[in-house]
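These figures come from a predicted structure and were not determined experimentally.
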Amino acid sequence: MRILASFKIDMPILNSIISLVNTRRLSQIDDFKTNPGDVQNDQLMQLIKTAKLTDVGQTYGFESINTYQSFAERVPVSDYEDVRPYIDRLRKGEKNLLWPGEIKWFAKSSGTTSTKSKFIPVTKESLEDCHFRGGKDVLAFYLSERPDSEMFSGKCLTLGGSHQINNFSNDSFYGDLSAILIENLPFWTHFIRTPDQSIALMDEWEAKMEKITETTLDENVTSLAGVPSWFLVLIKNVLTKVGKTNLLEIWPNLELFIHGGINFTPYRNQYKDLIPTSKMSYLETYNASEGFFAIQDRLGEEGMLLMLDYGVFYEFIPLNEVADPHPNAKTIDNVELGVDYAMVITTNGGLWRYMIGDTVRFVSTQPHRIIITGRTKHYINAFGEELMIENAERAIHNACQETGAVIKEFTAAPIFMDTNSKGAHEWLIEFEKQPDNITVFNQQLDATLQNVNSDYEAKRYKDITLDRPKLVVARENLFVDWLKSKNKLGGQNKVPRLANNRDYIEELLKLNNK
């Protein structure tokens, strides 16, 4: 791999070698596309067999479970608070609780910007068989679509989080998932990625951004990997530093952005402006602290292929049943198109029927491809409108298209009814470029929401239940300042797009007026 970093190599020959290596893997992927139910059942039975002597395995009698039905009957659906007592014990050094052996790594995740942190166990198996396998498959899919790629002639600029040693008595570690992956990557990968590990794992976001800018300007960066919103901040810092208008003036061989964490649609046009070439590809991944779940296997087309052989067993609960004490969970064989599901996972990281908090929708079942539609707790349903994040992001995108606006961040929350006024939604939006006409923007936002969400449309009918949206233009850097006040700059921290209460938006509005 030092050769890759030091010499100009024959890319067609290298790509041919990589293609040969990938052929077997792509054949395995074709198998689970054809036999999804069988592959998933094998995954579940292997997970149960591996963990049968653990604390959780003995509690639920894994030894005698040999069908999905018995598994679902014995093991309840759980969330983080249910698993937390186990995780607290694991962090103190106890073994064989959720998974065989000792667990050294914990991915710190707040999901959004909650003051409470989650510590998701990361086992050796979940690192090797899920997260790292997912990274390899990303490249396999990309190179199968772009066999003439020259990405390995340069480096991948990765933008991740940080890591720290925790304050418990054993030698366990915690940090953002991206930092844990960087810390555990094989040594040779450091020759094909930038910045170096000491910079990549810096805690302080603003200092890290400056260091990355300084150290990567002279690199041959051919690909990017990270969260779109935070990468935009870095890109603009780089361009300002060198006085350029687009990234190709700095990295002319740039060809791929591997992104995830948030919906890319609101940022797509900004990236096209900053990287003005038709040769640039964008590939979405669904890689969470709890596991690597899906990859966009067809460039330029909607949907990510659900990866069924990573040591993860999937169940899906219709969103309208999430609150039921005994929800009707569906396996991969009986999911339906167009339904929003809460995703439930059983993993080689020691999570058992764990509700991750994301909602997904299948856009194909032959093979199984999904889009992420939101969070089980992040929506607006104060008036029966059931507004999901996917609805909101599509409406924002259309309003921008119609008015020439470019957004940086947004959030929305209900305005509750009182004796003198009807209900409404309040949208707080920070623009990179303000719309030509803010009234037209708001009208287009409202019209698109009615078009994509029949429940919202019914509540807006003749303004009987819901008034038109109230739009507030945020001052520059409001959302960054808000995240900074919570010590959540950079990494995988996200602004909550929607909330069914006014907690987030009231904090932001107060800061907006300072």
Side-chain angles (χ1 to χ4, degrees), residues 46-63 65 74-132 160-185 197 200-204 287-292 310-313 344-357 486-488 491-493:
Q46 185 58 49
L47 290 165
I48 290 171
K49 179 181 177 181
T50 302
K52 66 183 180 181
L53 297 181
T54 62
D55 189 296
V56 71
Q58 293 178 330
T59 298
Y60 295 114
F62 282 8
E63 183 75 48
I65 291 179
R74 293 189 197 178
V75 182
V77 173
S78 64
D79 60 17
Y80 186 76
E81 289 306 311
D82 296 320
V83 182
R84 184 175 179 176
Y86 276 117
I87 292 175
D88 289 343
R89 291 167 61 191
L90 286 169
R91 294 177 66 201
K92 295 176 182 177
E94 288 194 55
K95 303 177 182 180
N96 302 315
L97 298 180
L98 296 172
W99 193 252
E102 185 176 24
I103 297 175
K104 289 284 191 178
W105 287 96
F106 297 86
K108 183 179 179 182
S109 170
S110 59
T112 54
T113 55
S114 170
T115 55
K116 293 182 179 179
S117 293
K118 300 177 183 178
F119 294 91
I120 306 300
V122 180
T123 65
K124 178 182 177 182
E125 289 83 359
S126 64
L127 274 175
E128 295 291 339
D129 300 335
C130 188
H131 292 292
F132 289 160
S162 61
H163 95 298
Q164 299 173 356
I165 297 174
N166 73 18
N167 58 358
F168 283 82
S169 57
N170 68 310
D171 294 328
S172 60
F173 304 87
Y174 68 84
D176 292 344
L177 173 69
S178 55
I180 292 175
L181 299 182
I182 290 170
E183 185 78 24
N184 288 278
L185 282 170
Q197 188 168 326
L201 297 179
M202 289 175 64
D203 289 337
E204 213 285 313
N287 189 15
S289 298
E290 295 85 354
F292 202 130
Y310 284 4
V312 179
F313 177 76
V344 176
I345 56 172
T346 294
T347 79
N348 51 11
L351 299 175
W352 300 93
R353 303 200 80 200
Y354 181 85
M355 190 178 294
I356 189 173
K486 296 179 175 294
N487 196 29
K488 291 183 179 293
Q492 296 170 305
N493 294 303

Any donor-acceptor pair under 3.5 Å linking the side chain of D176 with the backbone of S178? no
Taking side chain as C-beta onward, heavy atoms only, is T50 less than 4.5 Å from P100? yes
Do the ring centers of W352 and F62 come within less than 6.0 Å of each other? yes
Would a 4.5 Å heavy-atom cut-off, applied to side chains only, mark D55 and R89 as touching? yes
Take atom CD of E63 as the centre, draw a 6.0 Å sphere, and report whether it contains more than 12 heavy atoms from other residues, nucleotides or ligands. no
From the options W105, Y80, F173, Y174, select the one residue that forms a ring pair (Phe, Tyr, Trp, His ring centres under 6.0 Å) with F119. Y174
Is the shortest side-chain heavy-atom distance between I120 and L177 below 4.5 Å? no
Can you tell me if D88 uses its side chain to pair, donor with acceptor, with the backbone of P85 under 3.5 Å? no
Using only heavy-atom distances, determine whether the side chains of E125 and W99 contain a donor-acceptor pair under 3.5 Å. yes
For S172 and R91, which heavy atoms make the closest approach, and how far apart are they? OG-O, 3.5 Å
Please step through side-chain contact (heavy atoms from CB on, under 4.5 Å) for the pair T54 and T59, ending with a clear verdict. CA-CA 8 Å; T54 62; T59 298; over 6 Å; no
Name of the residue among N348, I345, T346 meeting side-chain contact (heavy atoms from CB on, under 4.5 Å) with F313: T346
